[in-house]
Amino acid sequence: MRKAIRFLRKGKVVELDQFEPTTTLLDYLRLSERSTGTKEGCGEGDCGACTIAIGRLRNGELVYEPVNSCILLLGQIDGCELVSVEDLEGPEGLHPVQQALFELHGSQCGFCTPGFVMSLFTLYHANKPGLSRADVNEWIAGNLCRCTGYRPIVDAALEACCSGLNDAFSARAEQTREALEALHDEQDVLVGEDAGFFYAPANFQSLLDTYAEHPDATLVSGSTDVGLWITKHLRDLPKIIYLGRVIGLGTCYEDEQGIRLGASASYAVAEEFLKTIDPDLDVVMSRIGSKQVRASGTVGGNIANGSPIGDMPPMLIALGAEIELQSNRGRRNLPLEHFFIDYGKQDIAENEVLTSISVPRLKSGEHFRAYKISKRFDQDISAVMAAFCLTVKDGVVEHARMAFGGMAGVPKRAGGAEVAIVGARLDEPDSWVHALSALERDFSPLTDMRASGAYRQKVACSLLEKALLELSDQSAASMRVHGQRAPVFGDAHVN
Amino acid sequence: MSTDLLETRVAENNQLQAVGQPHKHDSARKHVSGKATYIDDMIEPVGTLHVAPGYSTAAACGRITKIDLAAVRAAPGVVAVLEAGDIPGVNDCSPAMGDDPVLVSERIAFHGQLIFLIVAQTRLQARKAAKLAHIDVQAEAALISVADALKADQTVLPDYEFRRGSPEAKLERAAHTVRSSFALGGQEHFYLEGQVAFAFPGEDGDMTVHSSTQHPTEVQHTVAKVLGVDEAEVTVEVRRMGGAFGGKESQANQWAALAALAAHATGRPCKCRLDRDDDMILTGKRHDFLVDLDAGYDGTGKIEAVKINLNSRCGHSADLSLGINDRAMFHADNSYYYTDLTIRSKRLKTNTVSNTAFRGFGGPQGMFAAERMMDAIAIKLGLDPLDVRKVNFYREGENTTPYGQPVEEHELLATLVDQLEASCAYRARRKAVEAFNAENKVLKKGIALTPVKFGISFTLRHLNQAGALVHLYRDGSVHLNHGGTEMGQGLYQKVAQITATEMGVPLSKVKITATNTSKVANTSPTAASSGTDLNGMAAAIACREIVGRLKAFVAERFDVSETDIEFLDDQVFISGEAKFSIKKLAQLAYENRIHLSSSGFYKTPKIIWDRDKVEGRPFFYFSYGASCSEVLIDTLTGEMKVERVDVLHDVGKSLNPALDIGQIEGGFVQGMGWLTSEELWFDDVGRLRTHAPSTYKIPTASDVPEEFNVSLFESEGNPEETIYRSKAVGEPPLMLPISVFCAINDAIASLNKGVLPKLDAPATPEAILNAVQAIKRGEVD
């Protein structure tokens with residue numbers, strides 16, 4: 001058992017053996033280090049002013065990922081390199097991304113700028129020649145700027161991030177990699193006492209044992225949700241169990257049945273696997289949260305917290321995903337849709353841990369469509385999230401799974417519409433009417449700040465209609481204002 | 001795109017030295033390296049305490065029946081808890097009317113109105129303690145929406161009207177008429193740096209406050225009033241703000257007052273930095289409006305009579321609502337001549353946070369009404385909306401505004417619009433849009449080209465004054481200070497460029513210093529786009545005073561004529577020949593007892609305004625611009641994408657084209673957010689539920705059109721004697737994206753020719769889908 005966290009900072013190893021378990025990384029930077037370059041804009045991971053870069057090894061390679069330090073817990077950076085805006089300028093001058101932002105008038109009030117610098121720093125290290133404006137837009141969707149209108153920032157990104165790696169960080173990448181490897185161990189980490197602790201087990205059994213012993217502890221995976229319990233709800237969470245170090249819990253792989261996602265795999269990691277099922281998963285996942293949120297947030301955490309508005313559950317339910325839960329008493333599997341019982345109520349027992357999600361691939365004749373409707377295209381919570389998995393044979397719908405978010409207190413299937421759609425002909429819109437009116441009866445959505453119940457009802461039907469139109473029309477690309485899906489072999493053979 | 005443009009501007013202006021060059025923002029290098037210091041970044045002295053606001057979450061309005069703060073006082077780290085009774089001076093932080101209590105004790109008038117404040121060792125402790133209060137409020141029926149207040153006929157200020165001719169009679173006789181009613185949403189500022197103030201108590205009751213404010217003088221006055229001390233005992237300083245947009249004009253007062261109250265009570269430095277959610281709940285926004293309009297016009301769309309009713313939600317108090325609603329009226333003509341007209345304004349009182357200044361200051365709402373009217377007329381007549389706009393433009397003989405001021409540059413506007421129409425290929429694209437719509441059932445396109453004419457000057461005449469303080473030191477360096485504040489717009493740099501040019505020194509020799517009420521006193525807010533016009537001129541006047549003394553000295557000393565002396569490139573030129581450095585001159589002048597410091601004072605000429613008689617010239621001049629937007633909508637879901645935007649904007653002779661383009665692009669995107677994705681949503685109780693970026697959606701990078709062409713209009717220069725013939729640029733661009741809204745309207749209108757879309761702003765997917773379904777059913781606006 002290690003009694004301190006360790007991380008790499010400005011080339012040196014920092015060890016901390018005393019801190020409040022809920023200390024955020026931003027408070028550590030601003031209040032303990034007095035590194036005030038990193039700003040707090042919103043305290044909930046939505047504006048990106050607090051963005052910092054985390055250097056870590058993924059498959060042995062050093063990568064830099066942007067994260068929102070305002071909702072990340074200090075303990076989560078154990079074993080990582082912490083890079084903040086102050087670290088980029090060297091004796092040779094500004095970093096290329098800083099230089100480009102400077103030269104191209106990328107700042108006005110300057111308050112969001114350190115966050116943009118750090119997002120662009122991670123884009124720079126992603127080393128993607130041939131970057132487009134759209135690529136940059138997606139990368140910085142988690143950074144809000146109220147002054148510039150973004151044009152000069154995107155110009156700066158294109159200027160700085162397209163011509164290879166040539167900065168101090170890439171020059172010392174090998175040393176950094178070695179330093180991070182040296183930090184890597186398979187010990188459980190515990191900072192604090194029984195009454196209050198930050199616990200980051202490496203061993204799966206230790207996780208189950210400790211959780212059994214402390215059922216009142218809070219499990220934290222990405223902290224993109226729990227972080228807000230701390231910064232916004234001001235909750236006292238004396239016992240934190242962090243899942244990010246548990247060996248194997250973040251492992252994703254694919255086999256003949258489909259894809260298995262480890263519960264603590266980040267959205268960013270999971271996306272690489274899921275997008276091979278259908279391009280719409282890629283389209284929607286690139287709009288979940290932001291680059292920062294997807295770098296820390298996990299699909300497992302989103303499910304386990306039972307959010308009624310997550311974008312993943314409707315898609316996973318439509319695909320027929322199953323989850324696995326484990327505790328000291330054993331393991332069990334259940335279809336994801338059964339996990340969500342009611343608003344705020346999930347089928348999870350005390351000290352049970354969600355361990356994995358299994359997602360089957362589409363079978364022959366199955367067609368998937370997913371749509372996210374929100375006030376803003378990027379980084380918004382959906383008013384309605386719709387996912388359809390339709391089995392079509394000879395132009396006739398034989399079977400359907402339709403799942404929606406934002407339409408009820410939980411992500412939910414449209415039972416009536418699923419039945420009513422069977423037998424509908426893609427080339428006869430009149431035959432869709434039963435399903436569309438059944439769908440209206442399937443839900444009684446609420447009105448809130450994201451949309452009225454009436455709009456949700458209407459748009460849910462519109463989305464089913466859109467899915468059918470897209471499947472019946474070869475030129476599907478013309479059906480969407482944005483978020484075009486890539487063509488898939490198979491779609492053309494629907495009829 | 002803009003890079004070429006910048007180079008052109010540089011070539012044109014290089015004879016003017018620092019002025020006219022695309023210098024970077026003065027703090028750009030510090031911004032990118034994280035070294036720019038905002039108030040929360042200042043080193044905290046040992047003993048610094050933190051302040052959090054305390055309020056009731058129970059109701060929007062009602063009598064307070066119990067305030068139990070025992071648990072708050074007992075919470076860990078709490079040093080003091082202050083209530084209304086602890087205020088030594090006057091319990092008011094309003095800008096003028098005396099109707100904004102710092103803390104209330106008897107009644108709350110809106111959800112979130114402050115009742116107490118906590119002072120604790122840490123900010124987290126203060127915030128946690130705030131949650132422990134037990135406050136009971138006997139809830140009363142609250143007026144939340146504009147419609148609620150209209151029904152109850154509750155106002156914060158008297159109605160006001162512009163009237164000319166006989167609009168009612170003319171409307172009756174007009175060949176065609178149209179009537180339209182619509183809602184126009186408010187807007188949260190969402191400055192990235194939230195409200196913050198840091199107060200340092202001094203000896204003899206002195207108080208120094210670092211405040212993120214556009215109006216340090218008003219913060220100074222408020223703190224003095226609240227503490228019950230003389231204004232001379234309070235100093236307020238601000239180096240920079242992390243954005244403001246009007247939200248820190250009057251509404252920075254309260255947080256500075258809280259910090260000062262806490263510092264006064266504890267004798268320790270106290271900082272008040274609002275949490276984002278509190279910031280959004282507790283501070284005012286852009287006024288939302290319900291507008292009714294009637295227009296009578298002929299077969300060409302030319303307007304014969306206009307009736308416009310502007311009803312706005314002011315909130316629980318007056319704040320700046322007088323000027324804001326007046327400005328809405330001043331802009332309800334936009335660029336169009338109304339022969340017979342009535343423009344009426346109702347300033348409604350609601351149980352919501354007091355709405356306040358926001359870039360445009362009411363102007364955008366008034367202008368929006370004018371543009372809705374143009375679209376309505378065009379749709380009814382089946383004409384291209386651009387043609388209807390043009391036929392109504394101010395022109396010779398028809399150039400008197402509804403408030404009597406003539407539009408002197410009407411030809412400029414027509415030229416500018418013609419140039420944009422050609423450069424963006426409006427007519428060809430209009431055809432392409434029609435062809436697209438004929439072919440596509442689900443997706444529809446729309447296009448619109450709209451003008452902007454925005455009046456420059458504070459309509460409250462006495463605010464049109466400014467001061468500056470300039471020192472020349474013996475090493476030739478220059479200290480610059482003025483009453484304007486830096487919120488990202490680049491004011492400090494523009495004034496430094498002016499100073500460098502006037503003094504004949506390189507820009508690097510001009511030291512920019514923080515705005516401070518003890519250096520330049522009795523300042524106006526940095527608002528109304530006037531920052532550069534006013535402070536730039538004041539600085540130039542201060543420089544000219546010093547330069548005048550120096551020239552007189554050189555003339556006498558070297559026996560030359562003053563007209564042969566020039567200060568350029570850090571050198572003293574006599575008869576065109578460089579003789580010695582400014583540094584040497586400064587030293588020499590000092591030794592000869594020449595005063596090397598000066599203040600400068602400027603007041604805008606020409607403006608007079610008699611509000612009661614509705615006559616005069618409230619504006620020194622107008623700024624102009626136009627934009628063309630093309631959008632794509634989804635008629636199944638209401639989703640929308642802005643595909644292309646072209647902007648041509650008039651800044652007179654640009655002082656700094658890079659900063660000006662930054663203001664235009666940034667203003668455009670901010671205004672686009674206002675009219676599309678940014679929606680303020682109050683629940684039945686009157687609680688704002690969109691109080692964080694998770695629920696309130698300002699544009700992100702992907703909302704900016706891929707094709708975004710912004711150009712500066714090739715101007716002869718401002719005909720008025722402004723600083724180097726430039727024009728103000730802060731607010732006008734915010735109104736350019738009205739073309740985005742009009743393009744959406746155009747796309748919807750294509751579904752049923754001749755029918756007005758029932759589209760409210762913001763045009764969220766929901767608003768668009770509602771309008772689409774209504775027009776398909778043939779419902780008329």
Side-chain angles (χ1 to χ4, degrees), chain A residues 36-38 41-44 46-47 49 85-86 89 94 98 101-102 105 107-114 117 133 136-138 140-141 144 146-154 232 234 373 375-381 448-449 451-452 455 458-459 462-463 465-466 469 478-482, chain B residues 24-25 27-29 31-36 38 41 127-128 131 190-193 241-243 275-277 440 442-443 487-490 632-634 636-637 639-641 658 662 665-666 668-670 677 679 681 689-690 692-695 697-698 700-704 706 708 764-766 769:
Chain A
T36 54
T38 309
C42 67
E44 61 169 25
D46 272 300
C47 80
V85 66
E86 294 90 349
E89 188 178 0
L94 295 173
Q98 293 174 313
L101 281 166
F102 170 69
H105 310 281
S107 70
Q108 285 185 23
C109 85
F111 199 82
C112 69
T113 312
V117 166
R133 290 195 90 82
V136 175
N137 288 343
E138 189 200 323
I140 61 174
L144 299 179
R146 194 55 152 165
C147 297
T148 64
Y150 301 99
R151 195 271 309 158
I153 298 173
V154 178
K232 293 297 172 182
L234 302 175
I373 302 296
K375 279 187 203 169
R376 186 173 71 192
F377 177 68
D378 265 325
Q379 209 220 358
D380 197 356
I381 291 166
D448 68 9
M449 71 295 254
S452 70
Y455 173 74
K458 277 188 280 191
V459 92
S462 292
L463 293 174
E465 192 179 344
K466 184 180 283 286
L469 280 171
S478 66
M479 296 287 177
R480 298 186 187 188
V481 162
H482 37 210
Chain B
K24 295 170 181 62
H25 189 282
S27 297
R29 206 177 185 292
H31 291 156
V32 299
S33 57
K35 288 177 183 155
Y38 301 81
D41 304 336
R127 289 179 63 212
K128 282 190 169 179
K131 302 249 169 194
F190 208 82
Y191 28 66
L192 263 288
E193 178 210 36
M241 285 165 271
D275 176 64
R276 175 62 62 182
D277 293 64
N440 288 273
V442 173
L443 302 187
M487 59 196 93
Q489 81 278 44
L632 180 66
I633 66 164
D634 183 333
L636 279 178
T637 62
E639 292 169 288
M640 185 278 297
K641 185 174 168 61
E665 291 178 344
F668 188 97
V669 172
Q670 195 172 69
S677 61
E679 187 171 34
W681 197 84
R689 300 306 294 269
T690 47
S694 51
T695 46
K697 310 314 282 188
I698 72 167
T700 63
S702 60
D703 296 310
V704 178
E706 180 95 14
F708 188 19
T764 58
E766 178 164 357
L769 188 65

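Predicted model, so just to flag it, every value in this text is computed and none were measured. Chain identifiers are assigned alphabetically (A, B, ...) following the order of the sequence lines, protein sequences preceding nucleic acid strands; residue numbering begins at 1 within each chain.
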(message) Out of B:Ser677, B:Gly243, B:Ala692, B:Pro765, return the one with the most heavy atom pairs under 4.5 angstrom to chain A.
(response) B:Pro765
(request) To the nearest 0.5 angstrom, please state how far the CZ atom of A:Arg376 sits from the NZ atom of B:Lys697. (result) 4.0 Å
(message) Any donor-acceptor pair under 3.5 Å linking the side-chain atoms of A:Gln98 with those of B:Ser33?
(response) no
(message) Are A:Leu469 and B:Leu636 packed together at the side-chain level, in the sense that at least one heavy-atom pair is separated by less than 4.5 angstrom?
(response) yes
(request) Measure B:Leu769 against the heavy atoms of chain A and call it side chain, backbone, both or neither at under 4.5 Å. (result) side chain
(request) Give the member of B:Arg689, B:Lys131, B:Lys24 that has the highest number of heavy-atom pairs under 4.5 Å with chain A. (result) B:Lys24
(message) Heavy-atom cut-off 4.5 Å, strictly under: side chain, backbone, both or neither for B:Ala36 against chain A?
(response) backbone
(request) Answer with side chain, backbone, both or neither: which region of A:Leu463 has an atom nearer than 4.5 Å to a non-hydrogen atom of chain B? (result) side chain
(request) Answer with side chain, backbone, both or neither: which region of B:Val669 has an atom nearer than 4.5 Å to a non-hydrogen atom of chain A? (result) side chain
(request) Name the region of B:Lys128, side chain, backbone, both or neither, that has any atom closer than 4.5 Å to a heavy atom of chain A. (result) both
(message) Ignoring hydrogens and geometry beyond distance, is a side-chain donor-acceptor pair present between B:Ser694 and A:Glu44 at under 3.5 Å?
(response) yes
(message) Quick one about A:Thr113 and B:His31 (side-chain donor to acceptor, distance below 3.5 Å, no hydrogens or angles considered), yes or no?
(response) no
(request) Let me know if B:Phe668 has heavy atoms under 4.5 Å from chain A in its side chain, its backbone, both or neither. (result) neither
(message) According to side chain to side chain contact (heavy atoms under 4.5 Å, CB included), who are the partners of A:Gln108, at least two apart in sequence or on a separate chain?
(response) A:Cys147, A:Thr148, B:Gln663
(request) To the nearest 0.5 Å, tell me how far B:Thr700 OG1 sits from A:Glu138 CD. (result) 11.0 Å
(message) Only pairs of heavy atoms separated by less than 4.5 Å count here; which of B:Thr764, B:Asp275, B:Thr690 has the most with chain A?
(response) B:Asp275
(message) Working to the nearest 0.5 angstrom, can you tell me the gap between B:Asp277 CG and A:Lys232 NZ?
(response) 4.0 Å
(request) Considering non-hydrogen atoms only, spot the tightest contact between B:Ala28 and A:Ser107 and give its length. (result) CA-OG, 3.9 Å
(request) List the atom of B:Phe190, the atom of A:Arg146, and the distance in Å for their closest heavy-atom pair. (result) O-CG, 3.4 Å
(message) Please report the interatomic distance CG(A:Asp448) to CH2(B:Trp681), rounded to the nearest 0.5 Å.
(response) 6.0 Å
(request) Identify which of B:Val704, B:Asp703, B:Ile698 forms the greatest number of heavy-atom pairs closer than 4.5 Å to chain A. (result) B:Ile698
(message) I need the minimum non-hydrogen distance between B:Tyr38 and A:Phe111, along with the two atoms involved.
(response) OH-N, 3.3 Å
(message) Taking side chain as everything from C-beta outward and backbone as N, CA, C, O, which of these in A:Ser452 sits under 4.5 Å from a heavy atom of chain B? Side chain, backbone, both or neither.
(response) both
(request) Under 4.5 Å heavy-atom distance to chain A, tell me which part of B:Lys35 shows up: side chain, backbone, both or neither. (result) side chain
(message) If I take atom CD from residue B:Glu639 and atom NZ from residue A:Lys466, how far apart are they, to the nearest 0.5 angstrom?
(response) 6.5 Å
(request) Please round to the nearest 0.5 Å and tell me the distance separating atom CZ of A:Arg151 and atom CD of B:Glu706. (result) 13.5 Å
(request) Tell me, out of B:Leu632, B:Ile633, B:Thr637, who's got the most heavy-atom pairs with chain A below 4.5 Å. (result) B:Thr637
(message) Once salt bridge (Lys or Arg N to Asp or Glu O under 4.0 Å) is applied, do any residues pair with A:Asp46, and if so which ones, sequence neighbours excluded?
(response) none
(request) Find out whether B:Ser702 and A:His482 are in side-chain contact, i.e. whether some heavy atom of one side chain is under 4.5 Å from a heavy atom of the other. (result) no
(message) Counting only non-hydrogen atoms closer than 4.5 Å, does A:Ile140 touch chain B with its backbone (N, CA, C, O), its side chain (CB onward), both, or neither?
(response) side chain
(message) Under 6.0 Å from the ring centre and within 45 degrees of the ring axis: does the NZ or CZ of B:Lys641 meet both conditions for the six-membered ring of A:Phe377?
(response) no
